[in-house]
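Shown next, in structure tokens, is the structure this report addresses.
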There are 2 protein chains.
Amino acid sequence: MTGSVLLPVQTASRDDAVLQALVDFVTGEALNPGDRLPTERLLAEHLKVSRTTVREALTRWQELGLVERRQGSGTYLKAVVTRNMLHMPLTLPSGNDFNSLMHTLEIRRGLEAEAAVLCAERANDADLALIEHKLIVMEEAFHVRHGMSADEDWDFHLAVFRTSGNPLFEQIIAAMYEMFHRFWEHPLGVRDFGHASFPYHRTLFNAIAARDPVAARAEALKLIATVEDDLRRGAANLKKQNKSRAAE
Amino acid sequence: MTGSVLLPVQTASRDDAVLQALVDFVTGEALNPGDRLPTERLLAEHLKVSRTTVREALTRWQELGLVERRQGSGTYLKAVVTRNMLHMPLTLPSGNDFNSLMHTLEIRRGLEAEAAVLCAERANDADLALIEHKLIVMEEAFHVRHGMSADEDWDFHLAVFRTSGNPLFEQIIAAMYEMFHRFWEHPLGVRDFGHASFPYHRTLFNAIAARDPVAARAEALKLIATVEDDLRRGAANLKKQNKSRAAE
DNA sequence: TGCCTCAATTGGTTGGACCATTGGGCCAAT
DNA sequence: ATTGGCCCAATGGTCCAACCAATTGAGGCA
């Protein structure tokens with residue numbers, strides 16, 4: 001009896017190999033997003049596999065958003081393809097209810113706080129200048145429009161994430177933003193959505209500028225908390241509306 | 001000229017329709033994760049489409065992690081399927097270097113702490129019993145093998161994430177784990193990798209069982225910290241090896 | 001020049017065949 | 001009664017050859 005463990009044998013399926021070969025081809029030819037891939041028939045011939053197998057592989061890339069297929073035209077690259085890509089399929093069951101929206105905020109709560117910490121630890125003077133600039137732009141937009149401006153707000157947060165030195169923050173939180181806003185075209189009766197978060201942008205910046213990770217985390221959490229409050233108010237509004245509508 | 005709007009012709013490709021029909025079937029039959037779906041041949045016959053089309057649809061579900069196929073056995077549901085699911089597959093480039101791995105740990109630091117908090121707040125007695133069971137299984141495996149066992153370890157954390165009530169934790173952290181495991185297969189000189197994290201599994205459970213969110217966060221952070229230490233040690237080992245090899 | 005037509009190209013679908021793996025049932029040996 | 005080997009039906013994986021449907025561009029025509 002040895003302490004060793006029996007590992008299952010490697011059985012990489014065929015279309016995995018096709019995908020790998022495709023990665024090699026795309027990187028080898030230095031293809032960029034927008035470029036056209038070879039015909040399915042050509043790929044099948046060159047890779048010595050059937051067209052069916054090529055199609056299964058391409059279907060998987062399509063589902064990941066790496067590629068777009070246009071009947072009669074061809075298959076086009078939609079994103080940069082590299083070896084060692086990290087696939088993260090996210091799916092929310094019934095993504096338009098209050099709970100699902102709140103779930104995206106719970107992720108943001110964890111990640112934005114962590115990003116703020118890293119940002120405060122790692123920001124150099126140039127980073128700070130950029131973040132402050134984004135902050136000022138956002139504040140000006142706020143005063144002009146008497147309300148939060150989604151783009152300028154996002155730009156500010158983006159600068160924070162990038163300064164954290166970890167590209168995953170930007171990618172994942174961007175996905176959360178998009179999930180959130182896909183069902184938030186017009187706020188659920190909350191006219192000044194996001195209004196309450198405004199002052200915490202500056203306090204967050206101050207904490208970062210002071211290189212105070214603990215304070216930065218605290219301010220980031222306060223900021224998210226205001227968004228969660230807004231969401232709860234919106235849900236309450238919606239409930240009221242439904243009730244009065246049902247009473248008719 | 002009427003005021004009506006010209007909607008694009010029903011362009012939902014065939015396998016989109018198949019997917020929709022599958023959703024109806026799964027919800028109608030009240031299938032749960034782990035249950036087996038009908039044969040591809042049966043589905044093709046009932047839906048009046050070719051088996052190829054059914055396969056393309058199932059391939060997409062597989063890529064989203066909704067379903068798992070086992071040759072010779074069948075196709076099994078892996079997650080809850082509902083109408084109005086919101087999919088957002090996220091794929092990002094990343095390498096197998098030290099920095100990339102550390103980035104995944106920074107994400108885990110933020111998310112596992114948050115998940116532990118939510119878990120401590122929301123766990124009921126049944127949840128606690130399940131988590132404790134996974135913990136015991138993991139501890140037994142540890143004593144038998146004199147080291148951490150990846151599967152049992154993951155099962156424990158999975159139970160925590162699921163109890164948090166937010167499916168996004170599991171999905172995001174699963175991707176982080178996968179990236180880590182890709183690297184783990186080439187052991188980097190650290191024979192007892194993960195060893196130090198062992199005791200914190202029980203302390204984490206104790207905090208959750210005591211419904212103490214603050215303590216749960218603290219224990220989760222300690223656990224991740226040990227993994228970060230292991231990774232740093234591994235990176236140092238690797239560096240040393242390279243240096244001595246270069247000196248030959 | 002500008003428009004139309006048509007044929008080649010390309011992804012989408014089909015039916016049918018065969019391969020590889022799985023899992024259960026059966027049976028002989030222990 | 002249990003173990004191990006064997007077979008076989010069911011199931012996902014791959015392949016082929018043909019046809020359908022959308023797109024594109026070249027060539028013809030007014």
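Just so it is clear, the structure is predicted and the values come from calculations on it, not from any experiment. Each chain gets a letter, A, B and so on, in the order its sequence line appears, and its residues count up from 1.
Ring pair B:His201/B:Phe156 is tilted by interplanar angle, where 30° to 60° counts as tilted. Between A:Tyr177 and A:His157, the angle of the ring planes lies from 30° to 60°, which puts this pair in the tilted group.
Between A:Lys78 and A:Asp35 there is no salt bridge, since no side-chain N of the basic residue sits under 4.0 Å from a carboxylate O of the acidic one.
Across residues 52-62 of chain B, B:Arg55 each have a non-hydrogen atom less than 4.0 Å from an atom of DNA chain D (numbered order). Only A:Thr39, A:Glu40, A:Arg41, listed by number, bring a heavy atom of residues 39-50 of chain A to less than 4.0 angstrom from any atom of DNA chain C. Only at 4.0 angstrom or more do the heavy atoms of residues 18-32 of chain A sit from any atom of DNA chain D, so none qualifies.
Side-chain N or O atoms of B:Glu40 include none that pairs as donor or acceptor with a backbone N or O of B:Val54 at under 3.5 Å. A distance-only check finds no donor-acceptor pair linking the side chain of A:Asp15 to the backbone of A:Val18 [under 3.5 Å]. No side-chain donor-acceptor contact under 3.5 Å links A:Arg51 to the backbone of A:Ala44. In this structure, the side chain of A:Thr39 does not engage the main chain of A:Arg41 through any donor-acceptor pair within 3.5 Å.
For A:Pro89, the side-chain contact (heavy atoms from CB on, under 4.5 Å) partners are B:Leu64, not counting sequence neighbours. Annotation: side-chain contact (heavy atoms from CB on, under 4.5 Å) contacts of A:Gln20 (sequence neighbours excluded): A:Val23, A:Asp24, A:Arg83. Scored by the side-chain contact (heavy atoms from CB on, under 4.5 Å) test, A:Gln62 finds A:Val67, A:Arg69 as partners (sequence neighbours excluded). Applying the ring-ring contact (aromatic ring centres under 6.0 Å, His included) rule to B:Phe98 yields no partners; only residues at least two apart in sequence or on another chain are considered. Legend: residues meeting side-chain contact (heavy atoms from CB on, under 4.5 Å) with A:Pro33, ordered by chain and number and at least two apart, are A:Val80.
As a whole-Å value, the separation of A:Arg51 CZ from D:dC15 P is 14 Å. Nucleotide C:dT10 holds its C1' atom 13 Å from the CG atom of A:Leu37, rounded to whole Å. Whole-Å rounding puts the B:Asp15 CG to D:dC20 C1' distance at 16 Å.
Inspection of the B:Thr226 and B:Asp229 side chains reveals no N or O donor paired with an N or O acceptor under 3.5 Å.
For the side-chain hydrogen bond (donor to acceptor under 3.5 Å, both in side chains) condition, the pairs that include at least one residue of residues 130-141 of chain B, sequence neighbours left out, are B:Glu139-B:Arg202. For residues 33-81 of chain A, no residue pair satisfies the ring-ring contact (aromatic ring centres under 6.0 Å, His included) rule, not counting sequence neighbours.
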N/O-N/O pairs, protein side and nucleotides 24-26 of chain C side, under 3.5 Å:
none

Polar atoms only, N or O, under 3.5 Å: list the protein pairs with nucleotides 22-24 of chain D and their distances.
unit_1 : atom_1 : unit_2  : atom_2 : d
D:dT23 : O4'    : A:Gln71 : O      : 3.4

